[in-house]
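It should be emphasised that the depicted structure is a prediction, and the values quoted were computed from it without experimental measurement.
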Amino acid sequence: MGIHQENGDSNNALKFIEDVTSRCDEVQCQVLAEILSQNAEVEYLKRYGLPKGCVDREKFKSKVPVVMYEELKSDIQRIANGDFSPILCARPFTQLFSSSGTSGGEPNLIPATDQEIPRRHQQYKVLLPLLSQCFPGMESGKVLSFLFIRDETKTQGGLMAVGCLTSYNKSLYDLGNTPCDPYNNFTGPNPKEAILCLDNFQSIYTQLLCGFYQRHEVVRVDSHFASTLVVVIHFLRDHYSELCDDMSSGTLSSKISDMALRAHMAEHVVKQPEPELAKLVYNACKGENWEGILKKIWPNIKYLDIIITGSMAQYIPILNFYSGGVPIVSLKYTCSEGAFGINLNPLCDPYEVSYTLIPNMAYFEFLPLNTSSSDREQSSDQLVDLADVKVGHEYELVVTTYDGLYRLRVEDVLSPTGFYNSTPQFKFVRRNNVLLSVHAEKTTESELQNTMEKVYDVLQNFGTIRVVDYTSYADVKTIPGHYVIYCELSTTTSDATNKLGLDGVMEKCCLTIEDSMSYVYRYYRVHNPAIGPLEIRVVKKGTFDKMRDFAISRGASLGQYKVPRCVKFIPLLELLNSGVISTHFSPSLPHCSL
């Protein structure tokens, strides 16, 4: 296909990006024509009366509706149950990608052909030359990459339902990329056994050991989400002594029970005692101050490669602390529906990341969002093409893909920040389906995150307290309804001697959150009291770990898991409430002038 990148060297990869971004609308028309030509006989397009062989963009838009995932569910279920007729795509589906499912409880299933993972690899070929420009010499070093998989399930029709990241991580080996791909030049002779181990404890433990033994060669530390890297660092804090014992003695912990993994580590990694290495890691970890811990252990790391946008931005301060100020690079905009964008300015401020949607990866449309009505109730009549979006506006992404998704609302809200050549660049704003509302107001994920950043500022004045993680719930069982924020705190203060002080601090946090809310929220809180005082419920240490473990027990992958910022799923609410150790309410009304 002429608009797809051919194999080539670094210069060709960069020239390819220059080419497709300079011809944004032309490439988009070609992509749509290719998708429609390849899938001319599929049932879905016939159902809506699209003439066979039609590749006209306006005709396609007039015939094929914009849909939510729920409207495709019955077709996808047929595929999962073994109907191999061309329902959505002319190519046969070979697997189903499952989303993380952490917001609403149940994962979505996205059918995928055997072309999808190679398509994602194709996009990532651009990354190494891009990064080499920013970090000279990185291609000669190793990457300490914390990758995880989750168990696969077989559907009634025989297709495997698997997390997208699990499929991608496995493909690094299936496609033979590891030996020759500098972007994936992992620590260890081959960490395949560690990455493919389903037990998260054993996987993290052995991936860390691989990283210790090659500490001077590591130039990059990465995981998919920022939250995953924080989990790994907390794991190191809890288990560094045992890891150091292994290095000092040259033996592997009995907790590593996976026989293939154990044999690999004994043969290739933990081969002999390394007391000096063990002493170095132990001395770095034993103190209370973990500032710069990553740089102390891996002195040559040039950057952290993680997704840090959206709700992940809350982890920027703690990762800056742990890394000692190593640059945080957020390179990729991906989701279960596809790999769509690249950050072409890797050294930008992590709070200001913008992704360039690569025009050949899918056909993109944008649903303008009207802030005066529900984002799920927008009219689809005014969809905008990729080349025609306006800077500063907010849109929901709508995609048509090679794998048979047609005008699907992805439920990601993006805002254009500028253009690279003729192709727009977007800031990820929020997920569209995550919000709080108890009356006429609505609070989005990004708005809630902004208010929580004000809480972090308040807690900085009380140096012994910080927020480990948070989520929220709209409690409409009370009259009036009110917002509940669940917070796990890290504190070195004594509960017995400082409870009154903690009460005062948390009440101030409640009021700070309310003062930072939208005018509509504050109006209905103050002048037309339809919203009750905001409540913070402090939960005991480890509660958010239990949330993660619960999601993993239901099929989520550690690498794919994201803390849901708004909880509606009853079992998760029960888990959170079982961990509550104190409750705090706003002591007064927020400021709100008429």
Side-chain angles (χ1 to χ4, degrees), residues 1-6 13-40 42 44-45 48 50-51 53-67 88-90 115-116 119-120 122-123 125-126 332-335 337-344 354-368 380-391 393-410 412-428:
M1 291 178 290
I3 62 170
H4 285 266
Q5 178 191 357
E6 301 296 332
L14 295 175
K15 287 177 181 177
F16 165 76
I17 290 297
E18 289 297 319
D19 175 48
V20 295
T21 58
S22 298
R23 300 183 297 115
C24 176
D25 199 52
E26 177 188 347
V27 172
Q28 281 281 277
C29 286
Q30 287 178 282
V31 166
L32 181 60
E34 283 188 358
I35 292 171
L36 296 180
S37 296
Q38 291 172 9
N39 298 307
V42 302
Y44 188 86
L45 294 178
Y48 292 106
L50 188 71
C54 175
V55 296
D56 180 75
R57 175 158 60 179
E58 296 310 314
K59 178 72 74 173
F60 168 73
K61 291 182 179 182
S62 69
K63 292 290 186 180
V64 179
V66 176
V67 295
L88 296 175
C89 185
Q115 300 294 309
E116 178 56 27
R119 190 176 292 117
R120 295 183 184 229
Q122 169 203 330
Q123 188 199 52
K125 288 178 184 177
V126 178
K332 298 163 282 191
Y333 172 55
T334 66
C335 52
E337 292 83 359
F340 298 139
I342 294 175
N343 175 10
L344 295 176
S354 290
Y355 300 106
T356 303
L357 294 194
I358 307 304
N360 74 311
M361 296 304 292
Y363 178 65
F364 302 111
E365 297 176 85
F366 297 86
L367 182 60
S380 61
D381 296 338
Q382 302 300 320
L383 262 71
V384 177
D385 289 319
L386 178 61
D388 297 328
V389 296
K390 295 181 179 178
V391 172
H393 289 220
E394 287 190 356
Y395 302 90
E396 182 182 344
L397 178 63
V398 177
V399 297
T400 297
T401 70
Y402 284 94
D403 278 4
L405 301 176
Y406 305 96
R407 310 195 84 192
L408 175 66
R409 294 176 63 170
V410 174
D412 283 355
V413 177
L414 309 178
S415 179
T417 58
F419 286 79
Y420 185 85
N421 295 325
S422 64
T423 301
Q425 299 175 300
F426 294 87
K427 180 175 183 177
F428 179 90

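For the atom pair D388 CG and E365 CD, the distance stands at 11.0 Å (nearest 0.5 Å). Here the straight-line distance linking atom CD1 of I358 with atom OH of Y333 works out to 13.0 Å at 0.5 Å rounding. With values rounded to the nearest 0.5 angstrom, Y355 atom OH is found 12.0 Å from Q425 atom CD. To the nearest 0.5 Å, the span separating CG on N360 from CD on E34 amounts to 9.0 Å. One finds the OG1 atom of T356 at 7.5 Å from the CG atom of N343 (value rounded to the nearest 0.5 Å).
Ionic pairing of R23 and D19 is present here: one or more N-O contacts between side-chain nitrogen and carboxylate oxygen are shorter than 4.0 angstrom. For the pair D385 and K61, the salt-bridge criterion is met [side-chain N within less than 4.0 Å of a carboxylate O].
Residues F340 and L414 fail the side-chain proximity criterion, which asks for heavy atoms closer than 4.5 Å. At a threshold of 4.5 Å between non-hydrogen side-chain atoms, the residues D25 and R57 count as touching. Using a 4.5 Å heavy-atom cutoff, the side chains of L383 and R407 are in contact. Between Y420 and I342 the shortest side-chain heavy-atom distance does not fall below 4.5 Å. Side-chain contact between V42 and Y406: present, with at least one pair of heavy atoms (C-beta onward) separated by less than 4.5 Å. Within the 4.5 Å cutoff, side-chain heavy atoms of L386 are placed close to those of C24. Between L36 and Y363 the shortest side-chain heavy-atom distance does not fall below 4.5 Å.
Counting only distance, with no hydrogens or angles, the side chain of N39 and the backbone of A90 share a donor-acceptor pair below 3.5 Å. Between the D56 side chain and the K59 main chain, a donor and an acceptor come within less than 3.5 Å of each other. In this structure, the side chain of S422 engages the main chain of T21 through a donor-acceptor pair within 3.5 Å. Side-chain atoms of Q28 come within 3.5 Å of backbone atoms of P359 as a donor-acceptor pair (strictly under, hydrogens ignored).
Residue Y402 comes nearest to C89 through the heavy atom pair O-SG, 3.6 Å, listed as atom of the first residue, atom of the second, then distance. In terms of heavy atoms, A362 sits closest to T400 at CB-O, 3.5 Å. When every heavy atom of A33 is checked against every heavy atom of V55, the shortest pair comes out as O-CG1, 3.6 Å.
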Exercise for the section: Please report the C-alpha distance between L397 and L357 in whole Å, then the side-chain angles of each, then the deciding distance to 0.1 Å, and finally whether the side-chain contact (heavy atoms from CB on, under 4.5 Å) criterion is met. Expected result: CA-CA 11 Å; L397 178 63; L357 294 194; 4.2 Å; yes
Practice task
Could you please spell out the steps behind the side chain to side chain donor-acceptor pair (under 3.5 Å) verdict for E394 and S415?
Solution key: CA-CA 5 Å; E394 287 190 356; S415 179; 5.6 Å; no
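A centroid separation of 6.0 Å or more is found between the aromatic rings of F364 and Y395.
One side chain, E18 or N421, offers a donor N or O that lies under 3.5 Å from an acceptor on the other.
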